[in-house]
Every structure is written in C-alpha cells, then in structure tokens.
Amino acid sequence: MPHASLARQITDFSNRANPYPLYAELRRTPVLHEEEDGPYLISSYYDIEALLHDPRISSDAGNLAAAGADGAGEPEETGGLPPSFLRLDPPEHDRLRRIANTGFGPPHRPRRIEGMRGAMREIVTELIDGFGGARQVDLVDQFAYPFPVTVICRLLGVPREDEPTFRTWVDPLVASLDPEKRPGGAQEAEYRQSAQEARMRLGMYLSGLVEERAREPRDDLLSDLVNSRGPDGSMTMMEVLSTSVLLLIAGHETTVNLITNGMLTLLRHPEVLGRLREDPGLSVPIVEELLRYEPPVQLVPQRTCIADIEVRGVTIPKGSRLWLMLAAGNRDPERFKDPDRFDPDRGDIRHLGFGSGVHSCFGAPLARLETQIALSELARRLENPRLVEDPPPYRENAVLRGPRHLDVAFDGLR
C-alpha cells in the first residue's frame, strides 16, 4: 500500500466499516507527512498521549485557521457564537471549563450524573418497550439516537416537548466535523449555510431558555451555567450559549456511536453478550474496552503546533497541523497485548477513547453511565438478538465513526 495514499484513505468512505488494517499500516510510519500543506498524522499510542499533554500543541481555532485548515472539521465558528472551550487554549480554556464543571460534577455537583441513573433507566425501558411486537428494529433510529439526546436535553433543562426538534439542528453541525467531506465548488456555500443556519437556530432557541433561567433558576445545568458566580467569575451570555451547544453536540453524537458500536461488537462476540446478560456489572469493563477497541472518536484533526516539536526523530515545524489518530493508538501493539482482540477482562485498559490532557472528554462520566445502562438493558431484554446485516452501513464521517443504521432481529422481549 503506497504511503502517498494513506491520508486520503482515512477519509475514504469505503474504509469506514473496517479502518483498522489502514491504521496498522499508518503505525509503520508513526509520523506521516504526505503533502507540503497537509497535516502530520500521528498514529502511535505513546506519541499521541504525549502530544495531548504537550502545551506546544494548540487547540485554538485561530491557530488552526492560520495553519491553513480553512475551518476544516470545525463547526464552531458558525452562527455568530464564539468558539467553545474545546477550541481554546489555557488559560481561557481552563476558566470556562471550571465554570462549566461547577454545574456538571465534583466537587460542586458530585451526584448530578449519578442522580440521573433512575431517569436513564426509565428512558431506556420506555424505548425498549416501544419496540412492541416488532421482531426487528433499527437500533440507531429507535434506540441509540433518542436515548442520549433525551438525557442531554433533560440535563440542560430543555422542555420535553422540544426534544424532537434538536435532531434537525444537530445533524448538519455534526456532518461538518469531518475534515475531508466538505463539498467544495458550488455546493460549498450551501454546505456552510446549512451548518450556520442550524447553529443559529439552536443558539436562538437556547438564548430564550438562558433568559428564562436568569429570571427563574431551576435545578438544571443551564441554570448553573447562567448563574455561576465563583472565583473564575461568570460566563457571558454568548459563552453560555456556546458551551450549551458544545454539550448538545459532543454529549450526544459520540454516545450514539458508542452505544451502537458497543451493541455491534457484542453481537459479534455472543459469549460476552451472554455474560453481560447474567451480570449487568460487567458493563463497566465492557464499556472501557469498547472505548479502546471501537472508539466513537477516531481522530482529533484540530491541533496546531505553536513551536517546533520533535516526534521520533522527525521535526514538526511551528504552524503545522496535526491529526492525532486515536483509534490507531488504541490498537498499538507497542502499548496493548493482542490489540485487535476484544477483551473486557484486560487488566489495563488505559485507552485514548476520551482523549487525554486538558481537553479530555468533559462528558466522560455521562457517556460511560449512559452506555453501561443501555448495553446491559439491551442484553437483558432482547431474546436471541442477531445482526441482520454485517457489516452495517456506516456514516460518511472519518472523525465520528459509527453505523448509520444497525438492524437487529430478535425473538421477543423479556
């Protein structure tokens, strides 16, 4: 396989069902730079982990644009809102993330996520009961999509009657994450306009909720973001909106793929599915191994060097773009024994599924709990589940990888 084609093959839709042979080829050249104005691809576990902790690597959207990325894979600059803290560097990143964390988790709200366990189980039960007498369902449309979007809306405080509207706004924003799926030419303006309009509508809707919460705070995350008055000060209206949009997109789409990739993997490993059916507690190590074995986020394309950096004897010049290939690192034999084997009994599953460093996934506790509950209940309640199509059709997105549909047949519901 010629190296000159590797970067393009990463975003080639034909590789979506099984990109791992390509990632193995990438690891043969851990620092790959094919085109003069193209990104440097980093594919080994230890190099990726080190760079995620390196202060010479910037996530700032301005640096990315200066490096010639032209906004590729960046939905956050549309709709008139500022970049979320995901696209900022310290110290501004740290300030906004600390404020957001006061409403999301420890030490200020240590039981907010755990306290949603009962509500999550109710949502899952309703969705599975909704299968009714069917003996075949699309787990994406009928389960994996509605579950996390319902959870994140309730976490923020979005009224239940408005929840179905969110899909029409979230989908075009998620599509714009893919660094190589921009249409170009005459379609480029339409593509940009679609993402901008979706983000604008979402922002306008949330601004109304923010104003309500400023007047009448409730026990929800949006109220906490609006009314936080800690040592880091408070967020502006625009920062609250940008953070809320980030949580809706990042807190939803990745979990859809994690649940769907998880059920697909379990159906391909029926012995593990059987164990989970008998022992729901096994969902904890299963989810950690899934985050290594089939992570929803395959690569991080939005990083820029703000100084010369040497990686494995290769000098990456200041101003260069990086693609950190998380999924390739997760199957690096230099780090994991027998990495292509799905094994929830591994003693060490320190994966890159949630990234690492200052930008490690903000919503990891939520995604973990959602997926644990979803998979354990599907395993318990579906009688003799089996795949209808393997491999299933995949979304055309190289960054967020997951099936577009996952048709599952079963004999009944427990």
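The number of heavy atoms from other shown groups lying within 6.0 Å of CZ (R160) does not exceed 12. Taking a 6.0 Å sphere around CE of M204, one finds it holds 12 or fewer heavy atoms contributed by other residues, nucleotides or ligands.
In this structure, L88 CG and S242 OG are separated by 8.0 Å, a value rounded to the nearest 0.5 Å. Interatomic distance, E377 CD to Q372 CD, rounded to the nearest 0.5 Å: 12.5 Å. How far CG of L41 is from CG of L322: 9.0 Å, rounded to the nearest 0.5 Å. Distance CZ/R321 to NE2/H33: 8.5 Å, rounded to 0.5 Å. Between L326 atom CG and E49 atom CD the span is 11.5 Å, to the nearest 0.5 Å. D94 CG to N101 CG: the interatomic distance, rounded to the nearest 0.5 Å, is 12.0 Å.
Using a 4.0 Å cut-off between charged side-chain N and carboxylate O, R341 and D343 make a salt bridge. Salt-bridge annotation for R87 and D60: absent, with no side-chain N of the basic residue lying under 4.0 Å from a carboxylate O of the acidic one. Contact check on D348 versus R335 returns a salt bridge, with a Lys/Arg side-chain nitrogen under 4.0 Å from an Asp/Glu carboxylate oxygen. Here D232 pairs with R98 in a salt bridge; the nearest charged N to carboxylate O distance falls below 4.0 Å. Salt bridge annotation for R346-E288: absent, with no cationic side-chain nitrogen under 4.0 angstrom from a carboxylate oxygen. E396 and R16 are not joined by a salt bridge, as no carboxylate oxygen comes within less than 4.0 angstrom of a charged side-chain nitrogen. D219 has a carboxylate O that lies under 4.0 Å from a charged side-chain N of R109, or vice versa, which qualifies the two as a salt bridge. A salt bridge does not link E278 with R380: none of the charged nitrogens is closer than 4.0 Å to a carboxylate oxygen. A salt bridge does not link D224 with R213: none of the charged nitrogens is closer than 4.0 Å to a carboxylate oxygen. The pair E289-R350 does not meet the salt-bridge criterion, since no charged nitrogen lies less than 4.0 angstrom from a carboxylate oxygen. Under a 4.0 Å N-O distance rule, the pair R275/E271 does not qualify as a salt bridge. A salt bridge links R395 and E253; the closest N-O separation between the charged side-chain nitrogens and carboxylate oxygens is under 4.0 Å.
Judged by the 6.0 Å and 45° rule, R331 forms a cation-pi pair with Y20. The side-chain tip of R292 points at the ring of F336 from less than 6.0 angstrom away and within 45° of straight on.
One N or O on the side chain of S320 and one on the backbone of P317 form a donor-acceptor pair closer than 3.5 Å. A side-chain donor-acceptor contact under 3.5 Å links S223 to the backbone of R218. A distance-only check finds a donor-acceptor pair linking the side chain of D138 to the backbone of L406 [under 3.5 Å]. In terms of modelled atom types and a separation under 3.5 Å, the side chain of T236 and the main chain of E239 share a donor-acceptor contact. The closest donor-acceptor contact from the side chain of R381 to the backbone of R414 lies under 3.5 Å. Panel note: side chain E211, backbone G208; no donor-acceptor pair is recorded below 3.5 Å. At least one donor-acceptor pair closer than 3.5 Å links the side chain of T265 to the backbone N or O of N261.
Minimum heavy-atom separation, P19 to A17: CD-C, 4.0 Å. Here the closest non-hydrogen pair linking P285 and I349 is O-CD1, 4.1 Å. Of all heavy-atom pairs between I113 and L369, the closest is O-CD2, 3.6 Å. Listed here is the closest heavy atom pair of P159 and L209: CD-CD2, 4.1 Å. Closest approach of R27 to P333, counting heavy atoms only: NE-CD, 3.7 Å. When all heavy atoms of I259 and A144 are compared, the pair lying nearest together is CG2-CB, 4.0 Å.
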Between N330 and H351, does the side-chain hydrogen bond (donor to acceptor under 3.5 Å, both in side chains) criterion hold? Intermediate values first, please. CA-CA 6 Å; N330 273 341; H351 54 73; 5.3 Å; no
Step by step, work out the side-chain contact (heavy atoms from CB on, under 4.5 Å) result for L221 and L247. CA-CA 10 Å; L221 180 58; L247 291 171; 3.6 Å; yes
Would T260 and L139 satisfy side-chain contact (heavy atoms from CB on, under 4.5 Å), going step by step from the backbone distance to the final call? CA-CA 7 Å; T260 310; L139 277 182; 5.8 Å; no
Decide yes or no on side-chain hydrogen bond (donor to acceptor under 3.5 Å, both in side chains) for R303 and S59, but give the supporting numbers first. CA-CA 5 Å; R303 294 291 189 272; S59 297; 3.2 Å; yes
Residues E334, Y45; criterion side-chain contact (heavy atoms from CB on, under 4.5 Å); working and verdict: CA-CA 8 Å; E334 188 177 69; Y45 177 95; over 6 Å; no
Would you please test T315 and D308 for side-chain hydrogen bond (donor to acceptor under 3.5 Å, both in side chains) and show each step? CA-CA 7 Å; T315 298; D308 290 357; over 6 Å; no
The test is side-chain contact (heavy atoms from CB on, under 4.5 Å); show your working for Q298 and Y23 and say whether it passes. CA-CA 10 Å; Q298 296 279 289; Y23 295 159; 2.7 Å; yes
Can E126 and R121 be said to form a salt bridge (Lys or Arg N to Asp or Glu O under 4.0 Å), step by step? CA-CA 9 Å; E126 290 173 5; R121 289 193 180 281; over 6 Å; no
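Looking at heavy atoms from C-beta onward, F131 lies in side-chain contact with L382 at the 4.5 angstrom threshold. Side-chain contact between R368 and L258 is absent, with no heavy atoms from C-beta onward closer than 4.5 Å. When side chains are defined from C-beta on, L155 does not count as touching D220, because their heavy atoms never get closer than 4.5 Å. A heavy-atom distance below 4.5 Å is found between the side chains of L375 and L290. Considering only heavy atoms from C-beta on, V272 comes within 4.5 Å of F342 through its side chain. For the pair L127/F147, a side-chain contact is recorded, criterion being any heavy-atom separation below 4.5 Å from C-beta on. In this structure, the side chains of V297 and F354 stay at 4.5 Å or more apart for every pair of heavy atoms. The shortest side-chain heavy-atom distance between M325 and L26 falls under the 4.5 Å cut-off.
Using modelled atom types and a 3.5 Å distance limit, the side chains of D332 and S44 yield no donor-acceptor pair. In summary, the side chains of N257 and T254 do not present any donor paired with an acceptor at a separation below 3.5 Å, with no hydrogens or angles considered. Between the side chains of R277 and S376, no donor-acceptor pair of N or O atoms lies under 3.5 Å.
Ring centroid separation for the pair H252 and Y145 comes in under the 6.0 Å cut-off.
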